[in-house]
2 protein chains.
Amino acid sequence: MDHVARLSSRDPAGRRSDVVAEGLARLIQSGGLKEGDRLPAERDLMQRYGVSRAAIREAILALANRGLVVTRLGHRPVVRKPDYEIAIDKVGNLVGHLVVDRKGVWNLFDTRIFLEAALARWAASNARRDDIDELRAALAANRDAIGHSHDFDETDAAFHAILYRIPGNPIYPAVHKAYVEWLVQHWRTMKRGGDIDQMNYAGHVAIFDAIAGRDPDEAEIALRRHLVAAWEFVRSTFPAED
Amino acid sequence: MDHVARLSSRDPAGRRSDVVAEGLARLIQSGGLKEGDRLPAERDLMQRYGVSRAAIREAILALANRGLVVTRLGHRPVVRKPDYEIAIDKVGNLVGHLVVDRKGVWNLFDTRIFLEAALARWAASNARRDDIDELRAALAANRDAIGHSHDFDETDAAFHAILYRIPGNPIYPAVHKAYVEWLVQHWRTMKRGGDIDQMNYAGHVAIFDAIAGRDPDEAEIALRRHLVAAWEFVRSTFPAED
DNA sequence: TACTGGTTTTTGGTCGGACCATATGCTAGG
DNA sequence: CCTAGCATATGGTCCGACCAAAAACCAGTA
């Protein structure tokens with residue numbers, strides 16, 4: 001009944017902490033520990049699993065690194081079921097380490113252009129009436145924010161976010177959030193005037209018109225043009241190279 | 001200035017292990033420790049950072065969980081510069097925890113269809129001569145493998161992999177590798193005969209013909225048809241109908 | 001010289017106990 | 001009733017020790 005039997009001195013399963021982490025992970029995803037539940041104290045767990053507290057701590061740390069629990073000092077670890085956003089968030093700090101050069105950032109930005117172009121195409125073909133209405137509203141908000149850098153960035157991201165939401169797959173919004181987080185540092189540094197906002201807004205208008213006009217090819221073209229122009233600003237944040 | 005831990009002696013912004021991990025991570029990405037290098041022994045690090053070995057161990061474990069180092073028993077941790085494949089691999093074992101139900105798997109498979117359809121479209125428009133040749137060769141190998149389940153799976157994946165390689169962005173192959181790993185468990189379980197292979201091969205032929213014929217719309221349609229059919233088999237591995 | 005085998009050293013993995021820092025809850029005093 | 005303060009719970013850190021696996025070393029042999 002108790003699958004967390006004590007670990008014998010000769011265990012084929014690798015590190016103790018891995019065994020504990022695996023057990024706890026299974027416990028969580030099997031529903032034995034629901035989201036928000038606090039898992040047992042370290043001193044309890046070391047008795048249940050028959051291992052030292054160090055092993056327990058390393059196991060919990062592993063879970064925390066995977067995003068399955070959150071740890072606060074003085075608190076028991078709290079279970080947090082992983083969703084796509086957390087998953088991509090976790091890989092985010094890794095990606096942040098490898099988009100340090102222009103090539104890395106371009107690879108990332110390239111996939112954004114590619115994915116978002118496909119999303120624009122999809123929207124042009126499959127967007128529902130209220131999707132279009134939402135885009136229209138976001139576009140209006142974006143226009144009203146021209147000249148106010150912070151607000152414009154907000155409404156800009158909001159407009160693009162709708163494209164990621166239209167297919168109804170929760171993975172896309174998570175990816176979008178990741179793109180914004182990864183790339184924001186590369187354009188937040190540059191000063192810009194209302195003319196740039198004007199240009200970006202015009203790009204949004206073109207995208208919207210194509211989608212509302214149910215023209216997939218034009219939607220893709222408009223979006224590519226818009227993002228390629230945006231890339232020019234991102235690349236300008238890098239020192240001169242090839 | 002943001003998430004970087006301050007090294008102030010007054011108020012350590014985080015746990016000691018976090019400070020150490022951050023320091024080592026910075027050391028790695030700054031090139032102080034090149035790929036393949038073995039970082040100092042735990043007993044050395046505890047002296048350098050002036051913290052206990054437990055803190056060092058937790059720091060190294062954190063790095064290992066992030067994929068920046070690999071640890072083997074009796075070995076010093078070996079630096080492994082993160083690449084896209086590792087990044088997605090890391091998020092992979094997380095995703096594996098949340099694609100337990102059909103809805104989760106469908107969300108994932110849906111993105112694959114979406115992305116791969118866009119890739120097929122791209123290939124139809126932008127593939128070079130040798131890309132086409134490679135597809136043709138992969139198609140032939142796939143045909144010859146009909147009836148041999150294992151070989152067919154191999155050549156099947158190889159054919160699709162080419163689509164991910166054509167844009168020349170290393171992120172796509174990494175994503176493909178992840179798809180295969182995440183989804184393989186859901187179709188490896190089902191028995192199938194040569195007729196299924198025949199059907200899948202026919203799908204590949206249709207995709208290739210459309211790409212070679214430079215017909216983006218048809219390429220996307222053919223690929224969607226192919227993968228939607230494949231999904232039917234994936235879904236059949238789930239017991240209850242909802 | 002080159003190989004082979006075992007011995008010593010290095011190094012990660014584990015353990016137990018202790019102390020500290022913080023959060024929570026209980027309790028006594030206003 | 002409310003608040004300050006103490007007791008408790010719990011995570012964070014440290015120490016010193018031992019074990020096991022891998023590596024490094026070295027002597028003996030062919």
Side-chain angles (χ1 to χ4, degrees), chain A residues 4-25 27-28 33 36-80, chain B residues 3 5-25 27-28 33 36-80:
Chain A
V4 293
R6 285 187 136 74
L7 307 164
S8 70
S9 55
R10 299 223 326 267
D11 47 81
R15 290 188 289 256
R16 305 266 214 269
S17 59
D18 287 345
V19 177
V20 175
E22 187 56 34
L24 289 176
L27 231 168
I28 291 174
L33 287 173
D37 283 358
R38 301 178 306 177
L39 53 81
E42 295 177 354
R43 290 169 178 80
D44 285 349
L45 289 172
M46 62 184 283
Q47 301 238 3
R48 292 201 204 184
Y49 285 89
V51 299
S52 75
R53 201 171 147 220
I56 297 293
R57 284 188 55 75
E58 293 190 354
I60 292 177
L61 181 64
L63 294 182
N65 285 330
R66 289 186 221 171
L68 283 117
V69 300
V70 287
T71 61
R72 279 181 304 171
L73 198 156
H75 276 7
R76 308 241 291 277
V78 177
V79 174
R80 185 175 66 155
Chain B
H3 61 292
R6 309 170 194 78
L7 302 168
S8 158
S9 56
R10 172 65 190 88
D11 178 18
R15 297 182 290 249
R16 314 284 188 121
S17 59
D18 287 344
V19 177
V20 176
E22 189 57 34
L24 289 177
L27 231 169
I28 291 174
L33 287 174
D37 282 358
R38 301 177 306 178
L39 52 81
E42 296 178 353
R43 291 167 178 82
D44 285 348
L45 290 173
M46 61 184 286
Q47 300 231 9
R48 293 199 202 184
Y49 285 89
V51 298
S52 75
R53 202 169 145 219
I56 297 293
R57 283 187 57 75
E58 294 189 354
I60 292 178
L61 181 63
L63 294 182
N65 285 332
R66 286 189 231 171
L68 278 86
V69 299
V70 286
T71 62
R72 279 183 303 171
L73 200 159
H75 271 343
R76 308 240 288 275
V78 176
V79 174
R80 185 176 63 161

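Everything numeric here is computed off the predicted structure, so don't read it as measured data. Every chain is numbered from 1, with letters handed out A, B, ... down the list of sequences. Just the heavy atoms: all of them, side chains too, but no hydrogens, waters or symmetry mates, feed the values below.
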Gap between atoms [atom1] and [atom2], on [X] and [N] respectively (whole Å):
| X | N | atom1 | atom2 | result |
| --- | --- | --- | --- | --- |
| A:Met46 | C:dG16 | CE | P | 6 Å |
| B:Arg38 | D:dA24 | CZ | C1' | 10 Å |
| A:Tyr49 | C:dC15 | OH | P | 14 Å |
| A:Arg57 | D:dT13 | CZ | C1' | 8 Å |
| A:Leu39 | D:dG11 | CG | C1' | 12 Å |
| A:Leu45 | D:dG11 | CG | C1' | 12 Å |
| A:Ile60 | D:dT13 | CD1 | C1' | 15 Å |
| A:Arg16 | C:dG12 | CZ | C1' | 14 Å |

Problem - Heavy-atom side-chain proximity of A:Pro77 to A:Arg38 below 4.5 angstrom - result: no
Practice task
Kindly indicate whether the side chain of A:Val79, heavy atoms from C-beta on, has any atom under 4.5 Å from the side chain of A:Leu68.
Solution key: no
Look at the side chain of [X] and decide which nucleotide, out of [options], has an atom nearest to it.
| X | options | result |
| --- | --- | --- |
| B:Arg76 | C:dG12, D:dA22, D:dC14 | C:dG12 |
| B:Glu58 | D:dT13, D:dG12, C:dG12 | D:dT13 |
| B:Arg43 | C:dC15, D:dC14, C:dG13 | C:dG13 |
| A:Leu73 | D:dC14, C:dT22, C:dT14 | C:dT22 |
| B:Thr71 | D:dG11, C:dG13, D:dT13 | C:dG13 |
| B:Arg53 | D:dT13, C:dT14, C:dT22 | C:dT14 |

Handout entry: Given DNA chain C, 5'-ward residue of the pair B:Asp44 and A:Ala55, judged by closest heavy atom
Key = B:Asp44
Practice task
Any chance you could measure A:Thr71, atom OG1, to A:Arg76, atom CZ, to the nearest 0.5 Å?
Solution key: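 Reported value, rounded in 0.5 Å steps: 14.0 Å.
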Practice task
State the CZ-OG distance between A:Arg57 and A:Ser17, to the nearest 0.5 angstrom.
Solution key: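 Those atoms lie 12.0 Å apart.
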Problem - Phosphate OP1/OP2 of C:dT22: any A:His75 side-chain N/O under 4.0 Å - result: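 Checking A:His75 against C:dT22: no side-chain N or O falls below 4.0 Å of OP1 or OP2.
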Problem - N/O (side chain, A:Arg15) to phosphate O (OP1/OP2, C:dG13) under 4.0 Å - result: yes
Handout entry: side chain to side chain contact (heavy atoms under 4.5 Å, CB included) between A:Asn65 and B:Arg66, intermediate numbers included
Key = CA-CA 8 Å; A:Asn65 285 330; B:Arg66 286 189 231 171; 5.8 Å; no
Exercise for the section: Please confirm whether any donor atom in the side chain of B:Arg72 sits under 3.5 Å from an acceptor in the base of C:dG13, or the reverse. Expected result: no
